[in-house]
Structure formats: C-alpha cells, structure tokens
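Along the sequence shown, residues are numbered consecutively beginning with 1.
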Amino acid sequence: MEKKSAILVTGVAGFIGSYMLGFLNKQGFKNIIIADDFSKNEKKQNYIDKSILIKVEREELFDWLSKNILEIDPMNIGFVFHLGARTDTTEFDYSIHERLNVEYSKKIWNYCTEN
C-alpha cells in the first residue's frame with residue numbers, strides 16, 4: 001500500500017487503537033481517518049497529538065463513508081484496522097455488546113468486502 005492511501009482506524013480513543021495510530025504515524029502514515037466515540041475528554045490524550053486526516057464519530061462513520069468518500073479521493077481507503085469494541089467487563093447489557101461488537105463489526109466487514 002502506498003503511503004498516500006488513506007487508512008481507516010476504529011477504536012483510536014482506546015488503548016490499543018491509540019497505539020496503532022501512533023505506530024502508523026511513526027511509519028510515516030499521516031492520511032488516517034479515525035473513528036470512535038470521542039465524547040469522553042479523558043480519552044482525548046490517546047489521539048489528540050497524533051497526525052490524522054479526518055476524525056469521524058463512530059455512529060456517523062457509515063453515513064460519512066457513503067457521502068464523503070469522494071472528498072478523500074484519489075487516495076481511497078487502502079486499509080482498515082478495526083479495533084473498536086465495547087470491552088467494559090462490567091457492562092451486562094448484551095444489546096450494547098451486540099450493537100457495538102457484533103453488528104458494527106459486520107458493517108465494517110461488509111464495507112471492506114464491497115469496496
């Protein structure tokens with residue numbers, strides 16, 4: 001993949017995703033689209049000092065992709081790192097895990113296979 005291609009990374013507000021973003025930056029990748037729930041100020045330190053192209057709220061990602069992908073053309077999205085998930089072990093509402101971990105992952109997979 002050429003370094004001019006865009007990379008989509010989900011879960012960058014979390015520990016693993018933020019380290020992936022930092023690693024990609026150190027490798028010279030700056031054209032990175034990040035997606036996550038950016039509402040928690042205490043997680044801002046995980047991504048604020050990193051080089052990115054665009055920041056997209058997790059719940060808006062698929063609408064954004066369908067409407068705005070031409071804005072980043074001709075770079076296109078060359079790679080997707082899907083690291084976003086609900087990892088809170090104290091969350092007992094399965095519907096939250098199903099929506100964020102299962103259904104969201106399926107939507108990412110479908111986007112990748114279609115594009």
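- When all heavy atoms of I108 and L61 are compared, the closest pair comes out as CD1-CD2, 4.0 Å.
- The hydrophobic cluster of W109 has no other members, since no ILVMFWY side-chain heavy atom comes under 4.5 Å of it.
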I'd like to know whether I77 forms a side-chain contact (heavy atoms from CB on, under 4.5 Å) with I33, so could you lay out the CA-CA distance, the side-chain angles of the two residues, the decisive distance to 0.1 Å, and finally the verdict. CA-CA 9 Å; I77 295 177; I33 302 163; 4.0 Å; yes
Taking it one step at a time, do L21 and Y47 satisfy side-chain contact (heavy atoms from CB on, under 4.5 Å)? CA-CA 8 Å; L21 179 57; Y47 58 86; 4.1 Å; yes
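- Within the model, atoms NZ of K40 and CD of E42 stand 6.5 Å from one another, a figure rounded to the nearest 0.5 Å.
- S105 meets the side-chain contact (heavy atoms from CB on, under 4.5 Å) test with H82; sequence neighbours excluded.
- Other residues sharing the hydrophobic cluster of I96, ordered by chain and number and joined by side-chain separations under 4.5 Å: L100.
- Considering CG of L83 and CZ of F15, their distance stands at 12.0 Å, rounded to 0.5 Å.
- What you find for F38 and V56 is that their closest heavy atoms are CE1-O, 3.2 Å.
- Atom-to-atom distance recorded for E103:CD and N110:CG is 10.0 Å, nearest 0.5 angstrom.
- Taking each heavy atom of L8 and A35 in turn, the nearest pair found is CD1-CB, 4.3 Å.
- When all heavy atoms of K30 and N25 are compared, the closest pair comes out as NZ-O, 3.2 Å.
- Here the straight-line distance linking atom OH of Y19 with atom NZ of K50 works out to 7.5 Å at 0.5 Å rounding.
- A pairwise comparison of heavy atoms in R58 and Y104 identifies O-OH, 3.0 Å as the closest pair.
- Here the rule is side chain to side chain donor-acceptor pair (under 3.5 Å) with S39, and of D37, N41, D36 only D37 fits it.
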For salt bridge (Lys or Arg N to Asp or Glu O under 4.0 Å), just list the numbers for E60 and K67, CA-CA rounded to whole Å, side-chain angles, deciding distance to a tenth of an Å, and then say yes or no. CA-CA 11 Å; E60 299 170 10; K67 294 175 185 170; over 6 Å; no
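- Going from atom CD1 of I48 over to atom NZ of K55 covers 6.0 Å, rounded to the nearest 0.5 Å.
- Here the CD1-CD1 distance, from I32 to I7, works out to 5.0 Å after rounding to the nearest 0.5 Å.
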